[in-house]
Peer 1: 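The structure that follows is given in the form of structure tokens.
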Amino acid sequence: MKPILDLVTKLGPARLAAMAAVTLTLIGFFAFLILRVSRPDMGVLFSDLSMQDSAAVVRELDARGLRYETKGDTGQTILAPRGDLAKLRMDLAGKGLPVQAGVGYEIFDKGDAFSSTNFVQNVNHLRALEGELARSIRAIGRVQAARVHLVLPERRLFERDRETPSAAIVLKLTGDLDPGQVRAIRHLAASAVEGLRPDRVSIVDERGRLLADGAKSEDQEGAAAMEDRQVGLERRLRSQVEDVVAGIVGPGRARVQVNAELDMKRVESRSETFDPESRVVRSSQTRTEASLTGTAEGQTTVGNELPGASGNDKAPGQKDSVNKNEETTNYEISKVTKTEVAEGGRIKRLSVAVVVDGVYAPGADGKPAYSPRQPAEIERIAALVRSAVGFDKGRGDQIEVVNLRFAESPAGPQQFDEPGLIQSLLSPSKEDVMRMGELGVLALLTLIVLMTVVRPLVKQVLAPVDEAGGGKVLGGKTVGDILPAGTTITLTGPGGGGITVDPNNPTAKLMEFAKINGQVQAETVQRVIDMVRASPAETVEVLRAWIQEE
């Protein structure tokens, strides 16, 4: 151990600290390289999982002995080797993972229908219906997760008035749903549940916003639908006007606002019209009657018995004949019955405001110079806008097209060239950043090793020998520079030669005193050693006495 201790002593604490730092740096560097090379490329196996699904997937991966990583506070994202992602997803899907916090009609595949009660069957049916609806809703693009709660009143015997079902849906969205998508979800749920109406479905997103109110009355629902219709109409008209104007003044050089006032009234009218000139014979009836009457001779009649009657007014055998004709004709007068129903939402009045920018042309200094558009061009744009929105003067529509200078300057022509080397370097990808970081760390560690280890060693090895001074150059100095002035070095051959010092030099006197002092100490130590060797027993007694002294 003595040579090692001597070497450590000669190196000093500064060099030892430097060597320890270099050693630790090298160990860390090679450990980083080994871990980076041996680490497989990880990819996302599943994301946005619930805690139950994450636990089930992790248990399955542990049983397979596969390496995985989890991210998120609840492990909602699971990473696995990229090469095994497809196989793992298929295998886990075969085992019903992830369940995604819902169960469908497969719940009936795991139970015994004979041993379960009617209550359990009803609960399982409700769970299955809710799970299937949630799966169908998750198929919509912007819906990330969905939960469905159904309230189905129990059907009782001898019950006339039955309470209607209701539903509540909670959505986790990756964006905003438009009113049409919200209505589609409500109608989807209403069509899948017997007796459920769309107005009885409430929809809430993960931020607590009410997207659809299932407690509104029909009038409130109609008002909300009318408001959605107004917003949709304004958006459609604005898009049409922007497309027309942008083709003339350029994209982004026009601002359009449309205000549509709708008639919310629902009007129902009925009318009947009779035409007296238009008569049609509906029925005709003709009746003809003929009768023949007379008296016989000697016949007693009422007229013969009256006072003053002679009884011979008519000749014997005379008869009376009666003929009667009756004709009845019924006419039908034409009648027109008209029923008109005007639904609410008709356009009552339109107001369109269009602001267009001017014309920019290169000026004398090379910068774009603004100039307003001609009134004739503004009038042509206004005519196109009137045609695009269906302008009706009798309805009171108003169209305004104004030419004003925009605050921002026009953008130059867009270039769609392929990105070059410089652009690729200025906008690197995530993999490029990681690769450059690894190369930077490697370069830094290499530079540290070269400056702290290799450079001093090479400098010491390549240090030249001073022929004139008879010494080796150490740190830019020779042995002659280190020795005191007046010292002469003689080299006469193997085993010969020496160092001669001037006696009058103060440094020489100090060296001579140190030499004498060293010789005296060496002689004293040698005498003590001789005494110990001569009398070991007495020496032990003396040492014991010294140890026992307080």
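Along the sequence shown, residues are numbered consecutively beginning with 1. Basis for what follows: all heavy atoms, side chains included, without hydrogens, waters or symmetry-related copies.
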Peer 1: Step by step, work out the side-chain contact (heavy atoms from CB on, under 4.5 Å) result for Leu196 and Thr164.
Peer 2: CA-CA 7 Å; Leu196 180 62; Thr164 58; over 6 Å; no
Peer 1: Only one of Asp62, Thr70, Leu92 passes side-chain contact (heavy atoms from CB on, under 4.5 Å) with Val57; say which it is.
Peer 2: Leu92
Peer 1: Can you tell me how far the OG atom of Ser54 sits from the CD1 atom of Ile78, to the nearest 0.5 Å?
Peer 2: 4.5 Å
Peer 1: Closer than 3.5 angstrom, by distance alone: can the side chain of Ser191 be matched with the main-chain N or O of His187 as a donor-acceptor pair?
Peer 2: yes
Peer 1: Rounded to the nearest 0.5 Å, what separates atom CD1 in Ile137 from atom CZ in Arg147?
Peer 2: 12.5 Å
Peer 1: From Ser136 OG over to Ile185 CD1, what is the distance, rounded to the nearest 0.5 angstrom?
Peer 2: 11.0 Å
Peer 1: Got a second to check how far Leu210's CG is from Ile203's CD1, nearest 0.5 Å?
Peer 2: 9.0 Å
Peer 1: Can you confirm whether Thr524 sits close enough to Arg527 that some side-chain heavy atom of one is under 4.5 Å from a side-chain heavy atom of the other?
Peer 2: yes
Peer 1: Could you give me the CA-CA distance, side-chain angles and deciding distance for Asp178 and Arg235, then say whether salt bridge (charged side-chain N to carboxylate O under 4.0 Å, His left out) is met?
Peer 2: CA-CA 12 Å; Asp178 54 28; Arg235 185 185 298 111; over 6 Å; no
Peer 1: Take atom CD of Glu163 as the centre, draw a 6.0 Å sphere, and report whether it contains more than 12 heavy atoms from other residues, nucleotides or ligands.
Peer 2: no
Peer 1: Are the side chain of Arg197 and the backbone of Ala190 linked by a donor-acceptor contact shorter than 3.5 Å?
Peer 2: no
Peer 1: Looking only at heavy atoms, which two atoms of Val193 and Leu133 are closest? And how far apart?
Peer 2: CG2-CD1, 4.1 Å
Peer 1: Do the side chains of Arg255 and Asp357 get close enough for a salt bridge, i.e. N-O under 4.0 angstrom?
Peer 2: no
Peer 1: Compare every heavy atom of Ala146 with every heavy atom of Ala134, then report the nearest pair and how far apart it is.
Peer 2: CB-O, 3.6 Å
Peer 1: Can you name the closest pair of heavy atoms from Glu194 and Pro165 and give their distance?
Peer 2: O-CG, 3.7 Å
Peer 1: Does the side chain of Arg64 come within less than 4.5 Å of Leu88's, by heavy atoms?
Peer 2: yes
Peer 1: My understanding is that only one of Arg127, His125, Gln121 makes a side-chain contact (heavy atoms from CB on, under 4.5 Å) with Val123; could you say which?
Peer 2: Arg127
Peer 1: Taking atom NZ of Lys172 and atom CD of Gln144, what is their separation to the nearest 0.5 Å?
Peer 2: 4.5 Å
Peer 1: Would you mind checking if Glu132 and Arg135 are paired as a salt bridge, meaning a charged N to carboxylate O distance below 4.0 Å?
Peer 2: yes
Peer 1: In the structure I gave you, are the side-chain heavy atoms of Met531 and Ser535 within less than 4.5 Å of one another anywhere?
Peer 2: no
Peer 1: side-chain contact (heavy atoms from CB on, under 4.5 Å) between Lys367 and Tyr360: does it pass, once the steps are laid out?
Peer 2: CA-CA 9 Å; Lys367 296 182 179 180; Tyr360 291 87; over 6 Å; no
Peer 1: So does Asp213 pair up with Arg200, basic N to acidic O under 4.0 Å?
Peer 2: no
Peer 1: Using side-chain heavy atoms (C-beta onward) and a distance below 4.5 Å, is Val148 in contact with Leu150?
Peer 2: yes
Peer 1: Salt bridge check: are Arg67 and Asp84 linked by an N-O gap of less than 4.0 Å?
Peer 2: no
Peer 1: Check for a donor-acceptor pair, side chain of Arg186 on one end and backbone N or O of Val201 on the other, with a separation under 3.5 Å.
Peer 2: yes
Peer 1: Could you report the tightest heavy-atom contact between Leu173 and Gly175, atom names first, then the distance?
Peer 2: CB-O, 3.2 Å
Peer 1: Stepwise, does the side-chain contact (heavy atoms from CB on, under 4.5 Å) test hold for Asp205 with Val170?
Peer 2: CA-CA 6 Å; Asp205 65 356; Val170 181; over 6 Å; no
Peer 1: A side-chain contact here means heavy atoms from C-beta on lying under 4.5 Å apart; do Leu85 and Val44 qualify?
Peer 2: no
Peer 1: Got a second to check how far Leu211's CG is from Ile169's CD1, nearest 0.5 Å?
Peer 2: 10.0 Å
Peer 1: Where is the tightest heavy-atom contact between Thr174 and Gly141, given as atom of each residue plus distance?
Peer 2: OG1-O, 4.4 Å
Peer 1: Write down the atom of Val256, the atom of Arg238, and the distance for their closest heavy-atom approach.
Peer 2: O-CD, 3.1 Å
Peer 1: Name the one of Leu61, Thr77, Leu79 that satisfies side-chain contact (heavy atoms from CB on, under 4.5 Å) with Leu45?
Peer 2: Leu61
Peer 1: Would you check if Val58 and Tyr68 make a side-chain contact, meaning some heavy-atom pair closer than 4.5 Å?
Peer 2: yes
